[in-house]
There are 4 protein chains.
Amino acid sequence: MEKIKGLIDAPFTPMHANGDINLEVIPAYADMLVKNGLKGVFINGSSGEGYMLTPEERMAVAEKWMASVPEGFKVIVHVGSCCLRESVALAAHAEKIGAWGIGSMAPPFPKIGRIEELVKYCEEIAAAAPSLPFYYYHIPAFNGAFLPMIELLKAVDGRIPNFAGIKYTFESLYEYNQCRLYKDGKFDMLHGQDETILPSLAQGGAQGGIGGTTNYNGRELTGIIEAWEKGDIETAREKQNFSQAVINVICNYRGNIVGGKRIMKLIGLDLGPNRTPFRNMTDEEEASMKQELEAIGFFERCNKL
Amino acid sequence: MEKIKGLIDAPFTPMHANGDINLEVIPAYADMLVKNGLKGVFINGSSGEGYMLTPEERMAVAEKWMASVPEGFKVIVHVGSCCLRESVALAAHAEKIGAWGIGSMAPPFPKIGRIEELVKYCEEIAAAAPSLPFYYYHIPAFNGAFLPMIELLKAVDGRIPNFAGIKYTFESLYEYNQCRLYKDGKFDMLHGQDETILPSLAQGGAQGGIGGTTNYNGRELTGIIEAWEKGDIETAREKQNFSQAVINVICNYRGNIVGGKRIMKLIGLDLGPNRTPFRNMTDEEEASMKQELEAIGFFERCNKL
Amino acid sequence: MEKIKGLIDAPFTPMHANGDINLEVIPAYADMLVKNGLKGVFINGSSGEGYMLTPEERMAVAEKWMASVPEGFKVIVHVGSCCLRESVALAAHAEKIGAWGIGSMAPPFPKIGRIEELVKYCEEIAAAAPSLPFYYYHIPAFNGAFLPMIELLKAVDGRIPNFAGIKYTFESLYEYNQCRLYKDGKFDMLHGQDETILPSLAQGGAQGGIGGTTNYNGRELTGIIEAWEKGDIETAREKQNFSQAVINVICNYRGNIVGGKRIMKLIGLDLGPNRTPFRNMTDEEEASMKQELEAIGFFERCNKL
Amino acid sequence: MEKIKGLIDAPFTPMHANGDINLEVIPAYADMLVKNGLKGVFINGSSGEGYMLTPEERMAVAEKWMASVPEGFKVIVHVGSCCLRESVALAAHAEKIGAWGIGSMAPPFPKIGRIEELVKYCEEIAAAAPSLPFYYYHIPAFNGAFLPMIELLKAVDGRIPNFAGIKYTFESLYEYNQCRLYKDGKFDMLHGQDETILPSLAQGGAQGGIGGTTNYNGRELTGIIEAWEKGDIETAREKQNFSQAVINVICNYRGNIVGGKRIMKLIGLDLGPNRTPFRNMTDEEEASMKQELEAIGFFERCNKL
């Protein structure tokens with residue numbers, strides 16, 4: 001199977017002030033991502049508040065992205081939900097509209113306690129879009145599925161034909177590397193933490209990743225990979241340090257889903273509020289965050305429209 | 001507001017062998033619960049695999065229960081989901097079809113970390129069914145919302161007019177009692193662990209509860225309350241001990257949602273399989289569970305059709 | 001083996017202002033506990049900051065208690081530590097000085113992950129004081145040993161001859177009751193949460209317990225048992241509610257080890273500061289706590305010198 | 001303050017078959033470490049079962065190491081314990097015998113919940129050996145002290161004069177890097193996970209580390225640093241991958257403290273059993289582990305006597 005090279009962005013879902021989804025802004029959003037070096041989008045995931053959208057909204061968002069991206073720009077649709085039947089329907093829809101791939105994290109409810117349960121869940125979803133690569137999205141801090149990924153790879157190998165790999169959003173670069181080495185790189189291991197792209201590259205092979213802060217800091221993050229590939233370790237370090245500095249700021253504002261979404265407004269692409277139960281930022285908080293970003297020179301280096 | 005007396009049952013959602021919901025069996029199910037002393041149902045909750053149903057299925061189940069129960073038998077609809085808009089729609093539907101009340105647990109995703117987030121979530125749902133009592137379903141082991149319930153009561157008091165109380169499925173009888181004592185019993189605290197009905201009664205006031213094992217062991221569980229009210233502590237203890245023995249058995253078979261649902265078949269009301277990612281019991285496991293239940297004399301004392 | 005009836009107190013370790021242990025106050029401390037209805041002491045445990053004392057200090061404290069209590073007043077010495085050899089020495093010492101019994105919690109380091117490890121640990125300690133009853137002190141919130149206690153009982157039964165029972169400081173009254181029922185009450189299950197004495201009594205059999213707030217609220221806590229035995233449920237409830245109100249207060253002041261120890265000063269028995277890393281209360285905090293205690297009428301009902 | 005370059009080893013504590021400490025083997029142990037490229041030892045830590053030794057044993061071990069190492073080979077004494085007074089005595093002893101430095105992890109009991117508590121604990125220990133650098137040993141998986149290390153650095157900066165840095169045994173390379181960047185590298189950040197030396201090097205600056213698998217795999221682990229410094233990324237990757245393969249094996253045998261200690265016997269330096277509650281490996285397990293190690297070619301590449 002094709003392996004992803006470069007960085008895929010996990011977009012926020014644009015909303016109107018009243019909380020309805022705002023599809024109109026997606027073409028401009030897509031243009032911006034292309035322009036700043038991103039290679040695709042992983043939509044309706046955690047950054048996209050996918051679990052907080054209705055199935056109809058998720059399909060509408062997927063269709064709009066499909067209509068907005070240039071050829072070769074990958075659209076991967078996150079179809080995970082607590083309800084397998086809903087996920088199956090979303091997977092089939094993604095295939096029907098021509099998405100490049102699908103993905104799903106473990107259901108947050110019921111909490112997955114065994115590999116066997118997770119495999120069954122992935123299997124039924126993957127089977128609903130058999131022509132598309134399926135990515136498991138490992139983000140145990142969000143759903144409590146602290147399971148060994150090597151065991152998942154062993155279990156799906158030979159069983160789920162379109163299992164492509166893992167979006168790995170967890171701190172263990174050791175486990176990440178072991179998965180990468182599994183059968184000489186049989187599966188596509190997508191790095192999923194923007195704060196450690198460089199250390200991951202050093203370990204080898206991690207050519208692809210999916211980012212959340214790439215929405216506004218994609219140029220610097222793709223720049224890490226470029227610098228590394230040129231052997232320019234000092235530039236790579238500087239860009240990685242800068243990217244961590246940006247993450248330091250959003251950690252003060254409830255993380256990427258809340259703080260990061262508001263940064264989009266600051267760089268010129270207003271994506272509206274978050275859905276309950278997220279607590280939207282106040283104007284005061286926005287001003288304060290802006291100041292912190294200015295202090296690190298963010299607005300000179302951020303994504304451009 | 002009216003306080004619930006006696007035990008409300010949390011039904012399983014009946015399914016056909018192919019996994020489709022099976023509405024036809026609900027009238028017999030309702031009759032059985034009435035006959036065995038239950039005072040109502042809390043549908044589409046954790047026992048009912050509510051999160052694993054589509055919104056349409058949840059509505060269909062609710063409508064069928066409404067059409068199947070006698071007057072005075074309470075139907076409380078669990079409307080919680082990860083998607084607030086879906087929950088709001090389910091709440092409005094519950095009100096429209098004449099349900100007695102609604103309830104919701106905290107969303108499993110995103111994990112709720114603050115009372116403020118939880119209040120907002122409950123508030124918007126409760127407002128969608130303003131004429132019905134709203135119960136918060138506290139079951140932190142399932143969704144990670146380990147928040148102090150006294151703080152929740154203080155926060156909703158005066159803010160959510162139809163906030164009726166809490167279904168309390170957690171081990172702290174201390175916290176439970178403190179909530180019960182809040183403003184001399186302003187809120188309805190429904191005990192939510194069948195294994196400790198008796199100790200909870202001793203503490204005072206817990207007249208009502210919502211059970212999961214009441215589906216098949218309701219006679220004994222309601223018998224605990226009756227014995228206690230008559231001052232017959234020895235009978236109450238014997239029945240509580242028996243009920244714990246039943247729970248010991250289901251703990252060997254993946255708990256109430258899986259093991260308990262299969263017990264229904266053994267007592268004559270086949271409710272079909274569980275949905276993925278639950279692992280359905282094998283026939284061998286069923287035979288073994290049956291034996292364990294026989295060993296404690298379960299089938300003489302269980303609910304009768 | 002003899003089962004404990006009534007409440008055993010877990011004393012604080014008295015200290016001078018400079019942090020040295022203060023043995024001189026122990027006789028008065030012992031007299032006070034006797035006078036207020038306590039049946040013994042469980043020394044050098046968590047309330048006693050046992051892990052924060054040197055082995056020599058622990059022995060000195062044990063000797064002083066032995067010299068200070070009247071006949072029939074039980075002295076149980078907590079000998080748990082991270083170092084088994086130290087615990088073995090403390091156990092042998094306890095036996096030598098004529099203590100009534102010994103006890104130990106699971107070592108906080110290394111974290112116990114299996115029953116087998118815990119049994120080995122208890123076995124070697126218990127063997128060092130073979131003539132004394134050994135109590136396992138289950139307090140998983142403190143040491144992470146969240147293990148099923150029924151499995152522990154099964155594992156020690158027939159293997160550790162002087163294993164007497166468990167001081168159970170955990171919320172699951174279900175598990176507590178199952179342990180109590182094991183082989184018709186073969187082991188002595190000591191209730192270990194002062195906030196739920198009454199519900200535990202209702203469940204049956206729990207005649208004995210070990211308390212931490214008994215240091216200052218022992219009269220009311222023993223009063224719960226007395227009222228229950230007389231069949232006076234209303235008095236038992238009132239006293240249990242009062243005891244919870246006291247616990248509500250100490251929860252505002254870093255719990256029993258810090259807040260509770262300071263209450264001793266307020267009732268006339270200054271036991272000095274806590275050891276690092278506990279944060280000692282400021283005078284301002286003490287004044288504020290005093291006010292909260294006055295508001296619930298504590299000083300009329302507390303232990304008297 | 002001087003920063004550590006290269007890898008420090010965390011030795012196991014040698015024991016006789018009866019469990020007594022075995023000091024006689026330490027000189028040969030030291031020679032072996034020197035010969036295989038290690039720059040010092042961090043004794044009586046987690047690998048050394050420090051918490052399972054009596055204070056007298058800890059001092060004896062420290063003295064023997066001091067007598068066994070060549071000039072310039074650093075001896076850092078881990079002095080952490082639950083009892084601050086014991087730690088203070090151990091720190092003073094370390095200074096008296098001329099150790100190069102001291103270190104301590106957070107006490108496993110009581111569990112540290114706040115930076116303020118941790119700072120107080122470190123401060124009093126560091127003050128007992130004022131002429132030695134003090135390292136905080138961050139290993140939250142072992143003691144539950146999941147605290148932000150940047151906050152620790154801010155809190156000790158200007159307050160604990162001999163606070164040298166952190167032995168960082170946690171997965172977050174992001175936090176590690178932020179600590180490293182604090183005030184342009186004011187503190188010495190010692191990398192503490194042998195499985196991720198290479199990614200850490202890429203991030204920059206991590207010249208020093210403390211290893212547990214360096215006891216038997218030190219040549220390869222120091223080889224990672226050497227290859228990186230020469231710009232030979234492929235060799236560095238190969239050695240890091242090999243080191244992970246070794247770690248994969250010990251993970252099958254209860255980790256480094258148990259499995260790793262037994263490897264020492266296989267490479268010719270029998271260090272005896274582990275202390276309770278660790279479960280010692282059976283001969284069968286040893287044979288099986290040996291086979292797994294042979295399969296990856298370990299015995300050709302391991303440390304040599």
Side-chain angles (χ1 to χ4, degrees), chain C residues 15 18-21 44-47 49-58 80-90 104-125 127 139 141-145 254-255 257-258 274-280, chain D residues 15 19-21 44-47 49-58 80-90 104-125 127 139-145 254-255 257-258 274-280:
Chain C
M15 293 180 190
N18 70 355
D20 288 346
I21 56 171
N44 294 336
S46 50
S47 296
E49 298 172 80
Y51 284 89
M52 277 125 274
L53 304 177
T54 65
E56 295 71 28
E57 288 175 325
R58 290 169 78 157
S81 77
C82 294
C83 174
L84 183 79
R85 295 204 163 193
E86 190 169 305
S87 294
V88 160
L90 292 170
S104 177
M105 65 174 82
F109 189 91
K111 202 185 279 183
I112 293 288
R114 295 178 168 243
I115 285 291
E116 191 185 339
E117 294 164 356
L118 184 54
V119 172
K120 193 75 170 21
Y121 180 80
C122 292
E123 185 177 37
E124 299 189 31
I125 294 174
I139 184 164
F142 276 16
N143 52 37
R254 303 195 275 291
I257 304 177
V258 174
N274 293 103
R275 286 200 168 168
T276 301
F278 289 112
R279 285 171 293 132
N280 279 287
Chain D
M15 292 181 191
D20 288 347
I21 55 171
N44 296 334
S46 50
S47 296
E49 299 173 80
Y51 284 90
M52 277 126 272
L53 306 176
T54 65
E56 294 73 27
E57 289 175 324
R58 293 169 77 157
S81 79
C82 295
C83 173
L84 183 79
R85 294 204 162 194
E86 193 170 302
S87 294
V88 160
L90 292 170
S104 177
M105 65 175 83
F109 189 91
K111 202 184 281 180
I112 293 290
R114 294 177 169 245
I115 285 292
E116 190 185 339
E117 293 165 357
L118 184 55
V119 173
K120 193 75 168 23
Y121 180 79
C122 293
E123 183 177 38
E124 298 189 30
I125 293 174
I139 184 163
F142 276 15
N143 53 36
R254 303 195 274 290
I257 304 178
V258 173
N274 293 103
R275 288 204 166 164
T276 301
F278 289 112
R279 285 171 294 133
N280 278 288

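Just so it is clear: chains get the letters A, B, ... in the order the sequence lines come, proteins before strands, and each one is counted from 1. Everything numeric in this text was worked out from a predicted model, so none of it was measured.
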Chi angles and distances behind the side chain to side chain contact (heavy atoms under 4.5 Å, CB included) call for C:Arg58, C:Ile21: CA-CA 10 Å; C:Arg58 290 169 78 157; C:Ile21 56 171; over 6 Å; no

Option that, when pairs with chain D are counted at under 4.5 Å, heavy atom only, ranks first among C:Tyr51, C:Tyr121, C:Phe278: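 Option with the top pair count is C:Tyr51.
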
Top contributor to chain D interface from C:Gly50, C:Ala89, C:Pro108, C:Pro55 [non-hydrogen pairs under 4.5 Å]: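 Ranked by contacts with chain D, first place is C:Pro108.
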
Contact origin within C:Asn274 toward chain D - heavy atom pairs under 4.5 Å: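 Neither the backbone nor the side chain of C:Asn274 comes within 4.5 Å of chain D.
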
Name the region of [X], side chain, backbone, both or neither, that has any atom closer than 4.5 Å to a heavy atom of chain C.
{"X": "D:Ala106", "answer": "neither"}
{"X": "D:Glu49", "answer": "neither"}
{"X": "D:Leu53", "answer": "backbone"}

Largest heavy-atom contact set with chain C, pairs under 4.5 Å, which of D:Arg279, D:Glu117, D:Lys120: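 Most heavy-atom pairs within the cutoff with chain C belong to D:Arg279.
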
Heavy-atom pair count under 4.5 Å with chain C, highest-scoring of D:Lys111, D:Glu86, D:Glu116: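 Ranked by contacts with chain C, first place is D:Glu116.
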
Cationic N near anionic O, under 4.0 Å, C:Arg85 to D:Glu56: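 Result for this pair is no, no salt bridge flagged.
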
Flag if over 12 foreign heavy atoms under 6.0 Å of CZ, D:Phe142: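 Counting other residues, nucleotides and ligands, CZ of D:Phe142 stays at 12 neighbours or fewer.
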
If you compare all heavy atoms of [X] against all heavy atoms of [Y], which two are closest, and at what distance to 0.1 Å?
{"X": "D:Pro140", "Y": "D:Ala145", "answer": "CB-O, 3.5 Å"}
{"X": "C:Val88", "Y": "C:Glu124", "answer": "CG2-O, 3.7 Å"}
{"X": "C:Pro107", "Y": "C:Cys82", "answer": "CB-CA, 4.4 Å"}

